[in-house]
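Data first, discussion second: the structure below is written as structure tokens.
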Amino acid sequence: MLFSEENYETHRRGRIEVICGSMFSGKTEELIRRLKRAKIARQRVEIFKPAIDIRYSEEDVVSHDSNSIASTPVESSGSILLLSSDVEVVGIDEAQFFDNGIIDICNQLADQGTRVIVAGLDMDFKKKPFGPMPTLMSIADEVTKVHAICVECGHLANYSHRLVENEKQVLLGEKDEYQPLCRSCYNKKHTK
Ligand SMILES: Nc1ncnc2c1ncn2[C@@H]1O[C@H](COP(=O)(O)OP(=O)(O)O)[C@@H](O)[C@H]1O
Ligand SMILES: Cc1cn([C@H]2C[C@H](O)[C@@H](COP(=O)(O)O)O2)c(=O)[nH]c1=O
Ligand SMILES: [Zn+2]
């Protein structure tokens with residue numbers, strides 16, 4: 001098992017869990033796995049994603065392997081608090097795209113007893129910390145870093161290499177636009 005829920009399930013209290021890593025590292029699959037288990041335990045679960053993320057579906061959170069779970073797309077982090085009253089478990093995908101308000105919102109939810117599970121890219125294509133993710137990682141009760149497989153050499157990949165010419169930090173995409181690489185393979189591409 002990748003993550004042990006034992007502590008949480010025996011001491012049900014508010015907490016913040018962060019799942020981070022590069023693209024294709026399994027963040028969304030791990031988020032969906034934890035949320036589906038909470039639903040099996042008959043807990044009240046709400047899942048949010050930024051409205052800009054319409055890659056696979058406008059409504060659902062969908063992994064690169066086509067696992068999915070229904071979600072509510074929101075324009076800004078403020079809506080998450082408004083829509084989370086009476087909820088026991090809140091899931092948030094693609095957290096890197098949210099405004100910094102999400103930091104206080106996660107803390108408020110956890111302080112009032114909600115389990116908050118946040119998934120997002122820790123770094124952008126330039127290896128720079130992405131949006132609110134570094135702060136979310138520092139305030140989290142638990143951080144899980146997952147890894148993709150480097151498409152060049154088969155080692156663990158930490159980085160998302162952008163394949164298209166575009167300097168903007170936000171550029172939605174999948175395999176045509178990004179590939180996961182290990183440190184050594186990423187650095188080889190960026191010193192040419
Ligand atoms: N290079 C790769 N390394 C690992 N998984 C990959 C790779 N390329 C495609 N995948 C697929 O991506 C899935 C993970 O998808 P997902 O959970 O959506 O990742 P993330 O949310 O981190 O981008 C894996 O189970 C696997 O089927
Ligand atoms: C590295 C990087 C990624 N993005 C975009 C590309 C995808 O639409 C999402 C990440 O999705 P995943 O579930 O982690 O595969 O983020 C971006 O906008 N900028 C970047 O630097
Ligand atoms: Zn490599």
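By convention here, the first residue in the shown sequence is residue 1. Start at 1 and go down the list; that is how both ligands and their atoms are numbered.
- Set against the non-hydrogen atoms of Phe97, the atoms of ligand 2 under 4.0 Å away are 5 (C), 9 (C), 16 (O), 18 (O).
- Considering only heavy atoms from C-beta on, Met23 stays 4.5 Å or farther from Pro180 through its side chain.
- With a 4.0 Å cut-off on non-hydrogen atoms, Arg55 touches ligand 2 through its side chain and not its backbone.
- Close approach to Glu94 involves these atoms of ligand 2, each under 4.0 Å from a residue heavy atom: 9 (C), 10 (C), 11 (O), 12 (P), 13 (O).
- The side chain of Val151, and not its backbone, has at least one atom closer than 4.0 Å to an atom of ligand 1 (non-hydrogen atoms only; side chain from C-beta on).
- Using a cut-off of 4.0 Å between Lys/Arg side-chain N and Asp/Glu carboxylate O, Glu59 and Lys49 are scored as not salt-bridged.
- Under the 4.5 Å side-chain heavy-atom criterion for ILVMFWY residues, a single connected hydrophobic cluster contains both Ile16 and Phe98.
- Criterion: ILVMFWY side-chain heavy atoms under 4.5 Å apart, direct or through other members. Under it, Val164 and Val170 are part of a common hydrophobic cluster.
- Counting atoms of ligand 1 from 1 in the listed order, those under 4.0 Å from a heavy atom of Ser25 are 19 (O), 20 (P), 22 (O).
- Criterion: ILVMFWY side-chain heavy atoms under 4.5 Å apart, direct or through other members. Under it, Val74 and Ile92 are part of a common hydrophobic cluster.
- Taking a 4.0 Å cut-off on heavy atoms, Gly21 fails to register as neighbouring ligand 1.
- Residue, atom and distance of the protein heavy atom nearest to atom 21 (O) of ligand 1 are Thr28 OG1, 2.8 Å.
- Against a heavy-atom cut-off of under 4.0 Å, Met23 is close to the following atoms of ligand 1: 23 (O).
- In terms of protein heavy atoms, atom 21 (O) of ligand 2 is closest to Phe125 N, 2.8 Å.
- Contacts between Asp124 and ligand 2 below 4.0 angstrom, taking non-hydrogen atoms only, involve backbone and side chain alike.
- Among all non-hydrogen protein atoms, the one lying nearest atom 5 (C) of ligand 2 is Leu171 O, 3.5 Å.
- Some N or O of Phe24 is nearer than 3.5 Å to an N or O of ligand 1, by distance alone.
- Under a hydrophobic-cluster definition in which Ile, Leu, Val, Met, Phe, Trp and Tyr are linked whenever side-chain heavy atoms come within less than 4.5 Å, directly or via other members, Ile47 and Ile19 are assigned to the same cluster.
- Paired with Phe125 under the rule side chain to side chain contact (heavy atoms under 4.5 Å, CB included), one option of Glu177, Arg162, Lys168 passes, and it is Arg162.
- Ring-plane geometry between Phe130 and Phe97 is classed as perpendicular, the angle between the planes exceeding 60 degrees on a 0 to 90 degree scale with a lower cut at 30.
- Residue Phe130 approaches ligand 2 through these ligand atoms, each under 4.0 Å from one of its heavy atoms: 17 (C), 19 (N), 20 (C), 21 (O).
- Counting only protein N, O or S atoms, 4 lie closer than 2.8 Å to the Zn ion (ligand 3).
- In terms of protein heavy atoms, atom 1 (N) of ligand 1 is closest to Ile149 O, 2.9 Å.
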Got a list of side-chain donor-acceptor pairs under 3.5 Å for residues 131-139, not counting sequence neighbours?
{"from": "Ser138", "atom 1": "OG", "to": "Thr135", "atom 2": "O", "distance (Å)": "2.8"}

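- By the 4.0 Å N-to-carboxylate-O rule, Arg15 lies close enough to Glu142 to be salt-bridged with it.
- Residues Ser71 and Asp60 have side chains that never bring a donor and an acceptor to within less than 3.5 angstrom of each other.
- At least one heavy atom of His64 sits closer than 4.0 Å to an atom of ligand 2.
- Among protein heavy atoms, the minimum distance from atom 12 (O) of ligand 1 is reached at His64 CB, 3.5 Å.
- Looking only at side-chain heavy atoms (C-beta outward), Asp141 and Glu17 stay at 4.5 Å or farther from each other.
- Which parts of ligand 2 touch Gly173 is read off a 4.0 Å heavy-atom cut-off, strictly below it: atoms 6 (C), 7 (C), 8 (O).
- Residues Lys126 and Glu167 have side chains in contact (heavy-atom distance under 4.5 Å, counting atoms from C-beta outward).
- In terms of N/O distances under 3.5 Å, ligand 1 is approached by Gly26.
- Under a 4.0 Å criterion applied to the non-hydrogen atoms of Gln169, ligand 2 contributes the atoms 17 (C), 18 (O), 19 (N), 20 (C), 21 (O).
- The shell of residues lying under 4.0 angstrom from ligand 2, judged by heavy atoms, excludes Lys168.
- Below 4.0 Å from some heavy atom of Met23 lie the following atoms of ligand 2, by number and element: 3 (C), 6 (C), 7 (C), 10 (C), 14 (O), 15 (O).
- You'll find the side chain of Lys145 reaches within 4.5 Å of the side chain of Asp122, heavy atoms only.
- Residue Lys175 has at least one heavy-atom neighbour below 4.0 Å for each of these atoms of ligand 1: 8 (N), 9 (C).
- Residues Phe48 and Ser84 are in side-chain contact: their nearest non-hydrogen atoms beyond the backbone lie under 4.5 Å apart.
- For the pair Val18/Thr144, no side-chain contact is recorded, criterion being any heavy-atom separation below 4.5 Å from C-beta on.
- The protein heavy atom nearest to atom 14 (O) of ligand 2 is Lys27 NZ, 2.8 Å.
- Atoms of ligand 2 lying under 4.0 Å from at least one heavy atom of Val170, given by number and element, are 18 (O).
- Counting protein heavy atoms only, atom 13 (C) of ligand 1 is closest to Glu29 OE2, 3.8 Å.
- Close approach of ligand 1 to Asp65 is summarised as follows: ligand atoms under 4.0 Å from at least one heavy atom of the residue are 25 (O), 27 (O).
- Taking every heavy atom of Pro180 and a limit of under 4.0 angstrom, the matching atoms of ligand 1 come to 1 (N).
- Looking at atom 4 (N) of ligand 2, its nearest protein heavy atom turns out to be Tyr178 OH, 3.4 Å.
- Under the 4.5 Å side-chain heavy-atom criterion for ILVMFWY residues, no single connected hydrophobic cluster contains both Leu156 and Phe24.
- Contacts between Ser22 and ligand 1 below 4.0 angstrom, taking non-hydrogen atoms only, involve the backbone exclusively.
- Close N/O approach between Lys27 and ligand 1 is found [any backbone or side-chain N/O within under 3.5 Å].
- Side-chain contact between Thr114 and Val89: absent, with no pair of heavy atoms (C-beta onward) separated by less than 4.5 Å.
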List the atom pairs, donor and acceptor, that lie under 3.5 Å between side-chain atoms in residues 99-109 and the rest of the protein, sequence neighbours left out.
{"from": "Asp99", "atom 1": "OD1", "to": "Ser77", "atom 2": "N", "distance (Å)": "3.1"}
{"from": "Asp99", "atom 1": "OD1", "to": "Ser77", "atom 2": "OG", "distance (Å)": "3.3"}
{"from": "Asp99", "atom 1": "OD2", "to": "Ser77", "atom 2": "OG", "distance (Å)": "2.7"}
{"from": "Asp99", "atom 1": "OD2", "to": "Gly101", "atom 2": "N", "distance (Å)": "3.1"}

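- Interface atoms of ligand 2 facing Arg162, defined by a heavy-atom separation under 4.0 Å, are 19 (N), 20 (C), 21 (O).
- By the 4.0 Å N-to-carboxylate-O rule, Glu174 lies too far from Arg55 to be salt-bridged with it.
- Within the structure, side chain to side chain donor-acceptor pair (under 3.5 Å) contacts touching residues 18-27 (residues at least two apart or in different chains) do not occur.
- Using a cutoff of 4.0 Å between basic side-chain nitrogens and carboxylate oxygens, Arg33 and Glu29 are not scored as salt-bridged.
- Close approach to Ser63 involves these atoms of ligand 1, each under 4.0 Å from a residue heavy atom: 16 (P), 17 (O), 18 (O).
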